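Computed from a predicted model, the values in this text were never measured in an experiment. Residue numbering restarts at 1 for every chain, and letters A, B, ... go by the order of the sequence lines.
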Amino acid sequence: MPGEALGVAEAARDREIAGLVVSWFEGAARPLAWRTDLGTSPVPRDPYTCLVAEAMSQQTQITRVEAYLERFLERFPSVAALARADEVDVLALWSGLGYYRRARNLHAAARVIAEQFDGRVPEDVAELRRLPGVGSYTAGAVASIVFHRRAPLVDANVQRVLQRLDAHEATGKEASAWAWERAGGLLDALGSAEKLPAYARLNEGLMELGATICLPMPAQARCGSCPLAGHCLARAKGLVGVIPRPKGVSVKKRLVCAVVVVIDAGGRVLVEQRAESGMWSKMWQAPTLECAKRPTQQQVAEFAVMKSADGARLVRAGGFVHQTTHRTIRFVVFAVRAVACRRKGGAGRKWVQPGALQGLGISTAARRAIEMGVGAFGYPGPPGRAS
DNA sequence: AACACGGGGCC
DNA sequence: GGCCCAGTGTT
């Protein structure tokens with residue numbers, strides 16, 4: 001039980017486990033762009049780079065992050081650069097990555113760092129937690145991995161690895177509290193001679209183990225390659241399949257989005273900014289009618305006239321299904337020429353060339369719908385987005 | 001404590 | 001088609 005005094009045998013087990021994870025990680029770490037302190041010519045990690053990488057990594061598989069990170073750092077190479085950026089430009093570089101609130105939080109965090117921390121990423125957990133979008137995991141990650149503090153961290157990987165290691169079957173809040181205690185206990189088991197860098201190695205090693213060896217689906221778990229196999233109680237007891245316990249299936253909400261892609265004589269497309277709350281908040285899209293059921297042709301036509309101030313005929317451009325974690329959205333896409341172009345841009349709406357969509361904060365689904373609508377009139381899609 | 005929040009990769 | 005992911009903030 002973490003938090004209580006360890007017996008001699010438990011303490012010895014923890015020391016062995018901690019050492020095994022550290023040495024395994026040093027040999028098995030995937031070469032990620034921001035892991036600059038590993039390999040033959042190690043360079044200390046850049047705090048700002050790691051903060052951005054951690055924000056992008058939340059609820060996102062790490063291999064998807066690198067391309068986004070590179071573009072982001074090229075455009076906003078420092079806290080100061082990000083702090084003075086316009087939000088629209090920040091969202092544009094996040095476009096396609098999802099969970100867009102992370103981008104707004106990171107932007108706000110840069111401003112807090114600039115104004116309250118003299119432009120330097122804070123080094124300890126309590127201060128890091130004051131940054132928007134930095135929760136217990138991210139604070140622990142930056143404090144330990146960048147600044148070598150004794151700060152535990154628990155993400156989905158660590159949660160699973162530790163619960164399997166000790167065959168701990170709890171769920172929910174209890175499991176979380178247990179894992180944080182356990183992660184801290186393992187940090188304390190590290191040998192004092194190598195403590196500073198080892199905190200980072202152990203934390204990152206536990207995550208790496210979960211991401212590459214101790215995989216969620218029991219059929220995929222590569223226990224034969226696991227450095228902790230000899231210590232793993234779930235493996236010994238045959239509990240790998242039930243830790244963590246499979247989640248109940250949640251019903252996805254189904255809805256229909258009728259998208260009207262209004263195209264003016266210059267080939268520009270009308271886009272509007274979504275509301276402040278809800279999904280894709282403040283992201284741009286072509287005018288979209290959201291319904292529980294498929295709207296009638298008449299409803300779409302009225303909506304199109306309202307948006308384009310134009311009586312031109314609708315062209316059916318196509319459709320697709322977009323899945324998110326909680327919804328199944330049927331997109332039905334129409335195109336219409338705004339011959340007279342009476343609708344002007346204004347607050348929350350503007351006309352853009354399809355090629356300029358990449359400069360906007362726009363969801364994957366909205367981008368796809370616009371490309372479909374533009375394609376219906378034979379315009380080429382923006383470069384690099386062939387589908 | 002439960003829910004909202006994206007999107008792609010994997011089986 | 002279902003499950004998952006280097007979580008956080010809100011209700």
Side-chain angles (χ1 to χ4, degrees), chain A residues 25 29-30 32-35 50-69 91 94-106 108-109 128-142 144-146 152-161 171-177 179-180 183 200 203-212 214-221 241 244-253 274-283 285 320-329 361-368:
Chain A
F25 178 70
R30 291 167 295 176
L32 303 175
W34 57 94
R35 283 183 173 164
C50 288
L51 188 63
V52 177
E54 290 299 342
M56 288 186 170
S57 300
Q58 291 166 8
Q59 288 293 287
T60 304
Q61 290 178 331
I62 218 68
T63 50
R64 281 195 64 210
V65 168
E66 290 200 75
Y68 283 89
L69 181 66
L91 285 173
W94 214 273
S95 177
L97 198 53
Y99 281 177
Y100 299 99
R101 186 170 58 186
R102 295 180 296 171
R104 284 191 286 276
N105 281 337
L106 179 61
L128 283 160
R129 285 297 304 270
R130 290 166 51 191
L131 304 176
V134 175
S136 52
Y137 162 76
T138 304
V142 173
S144 66
I145 296 171
V146 180
L153 62 78
V154 176
D155 71 338
N157 289 311
V158 176
Q159 184 82 44
R160 182 174 61 254
V161 168
T171 59
K173 192 175 181 177
E174 185 196 342
S176 174
W180 279 92
N203 280 344
E204 220 172 0
L206 289 171
M207 290 193 283
E208 191 79 352
L209 207 48
T212 63
C214 193
L215 299 174
M217 308 297 280
Q220 298 177 54
R245 191 147 54 192
K247 301 176 178 68
V249 288
S250 60
V251 178
K252 282 188 181 184
K253 185 175 178 181
R274 289 179 62 91
E276 293 237 10
S277 63
M279 190 150 77
W280 298 319
S281 60
K282 297 178 78 175
M283 305 293 280
Q285 64 180 18
F320 60 92
V321 175
H322 183 82
Q323 301 275 358
T324 74
T325 302
H326 300 290
R327 296 164 219 247
T328 297
I329 309 171
I362 186 169
S363 71
T364 298
R367 179 191 304 278
R368 187 171 174 188

With a cut-off of less than 4.0 Å, is there a side-chain N or O of Thr138(A) near OP1 or OP2 of dA6(C)?
no
Sugar-phosphate, base or nothing in reach of Val65(A), heavy atoms under 4.0 Å
nothing
Counting side-chain heavy atoms from C-beta on, which of dG6(B), dT8(C), dC5(C) comes nearest to Ser136(A)?
dT8(C)
To the nearest angstrom, how far is Met279(A) atom CE from dT8(C) atom C1'?
18 Å
Please state how far atom CD in Glu54(A) lies from atom C1' in dT8(C), giving the value in whole angstrom units.
13 Å
Considering just the side-chain nitrogens and oxygens of Tyr99(A), establish if one lies under 4.0 Å of OP1 or OP2 belonging to dC5(C).
no
How many Å lie between CD on Gln61(A) and P on dC3(C), as a whole number?
15 Å
Just call it for Ser281(A): base, sugar-phosphate, or nothing, with non-hydrogen atoms closer than 4.0 Å on any strand.
nothing
Between the base of dG7(C) and the side chain of Ser57(A), is there a donor-acceptor distance below 3.5 Å?
no
Give Leu215(A) one of three labels, base, sugar-phosphate or nothing, depending on what nucleic acid heavy atoms sit under 4.0 Å from its own.
nothing
Among dC3(C), dG6(B), dT8(C), the nucleotide that comes nearest once only the side chain of Gln58(A) is considered:
dT8(C)
Nucleotide dA6(C), atom C1' - distance to CG of Leu209(A) in whole Å:
14 Å
Just to be sure I understand the rule, does Arg35(A) reach a base, reach only the sugar-phosphate, or reach nothing, if contact means heavy atoms closer than 4.0 Å?
base
Once you round it to whole Å, what is the distance between P of dA6(C) and CG of Leu206(A)?
14 Å
How close do Trp280(A) and Tyr100(A) get, counting heavy atoms only, and between which atoms?
CD1-CE1, 3.8 Å
Gap in Å between the two P atoms, one belonging to dA6(C) and one to dA4(B), rounded
23 Å
Quick check on DNA chain B: between Ser277(A) and Lys173(A), whose nearest nucleotide comes earlier from the 5' end?
Lys173(A)
Could a donor-acceptor pair under 3.5 angstrom be found where the side chain of Arg102(A) meets the base of dA4(B)?
no
Flag, side chain of Glu208(A) to backbone of Arg30(A), donor-acceptor distance under 3.5 Å
yes
Start at the 5' end of DNA chain B and walk down; is the nucleotide closest to Gln220(A) or to Gly98(A) reached first?
Gly98(A)
Report which part of the nucleic acid Gly278(A) touches: base, sugar-phosphate, or nothing (heavy-atom distance under 4.0 Å, all strands).
sugar-phosphate
Taking 4.0 Å as the cut-off, does a side-chain nitrogen or oxygen of His326(A) come that near to OP1 or OP2 on dG6(B)?
no
Regarding the side chain of Tyr100(A), the nearest nucleotide among dA6(C), dG7(B), dC4(C) is dG7(B)
In whole angstroms, the gap separating C1' of dC3(B) from NZ of Lys252(A) amounts to 16 Å
Measure from the side-chain heavy atoms of Asn157(A) and tell me the nearest of dA6(C), dG7(B), dC5(C).
dA6(C)
Expressed as a whole number of angstroms, how long is the span from Ile362(A):CD1 to dG7(B):P?
10 Å
At under 4.0 Å between heavy atoms, what does Ala156(A) touch on the DNA or RNA strands: base, sugar-phosphate, or nothing?
sugar-phosphate
Below the 4.0 Å mark, does dG7(C) have OP1 or OP2 next to a side-chain nitrogen or oxygen of Gln59(A)?
yes
Tell me whether Arg160(A) contacts the main-chain N or O of Pro244(A) through its side chain, where contact means a donor paired with an acceptor under 3.5 Å.
no
Val52(A) versus Met56(A): any side-chain heavy-atom pair under 4.5 Å?
yes
Does a nitrogen or oxygen in the side chain of Thr364(A) sit under 4.0 Å from OP1 or OP2 of dG7(B)?
yes
Could you work out the separation of dT11(C) and dG6(B) based on their P atoms and round it to a whole Å?
15 Å
May I ask you to verify if any side-chain N or O of Trp94(A) is less than 4.0 angstrom from the OP1 or OP2 atom of dG6(B)?
no
Using a cut-off of 4.0 Å on non-hydrogen atoms, how would the nucleic acid contact of Leu32(A) be classed: base, sugar-phosphate, or nothing?
base
Determine: side-chain N/O of Arg101(A) to OP1/OP2 of dG6(B), distance under 4.0 Å, yes or no.
no
Quick one: does Tyr137(A) reach the base of dG7(C) with a side-chain donor-acceptor pair under 3.5 Å?
no
Answer with yes or no whether Thr325(A) presents, from its side chain, a donor or acceptor under 3.5 Å of a partner atom in the base of dG6(B).
yes
Ignoring the backbone of Arg64(A), work out which of dA6(C), dC4(C), dG7(B) is nearest its side chain.
dG7(B)
Closer than 3.5 angstrom, by distance alone: can the side chain of Glu204(A) be matched with the main-chain N or O of Phe25(A) as a donor-acceptor pair?
no
Backbone of Met283(A) reached by a side-chain donor or acceptor of Arg274(A) within 3.5 Å
no
State, yes or no, whether a side-chain contact exists between Leu206(A) and Leu153(A) at a heavy-atom distance under 4.5 Å.
no
Atom CD1 of Ile362(A) and atom CD of Gln285(A): how far apart are they, to the nearest 0.5 Å?
8.5 Å
When the distance from CG of Leu128(A) to P of dT8(C) is rounded to whole Å, what number comes out?
11 Å
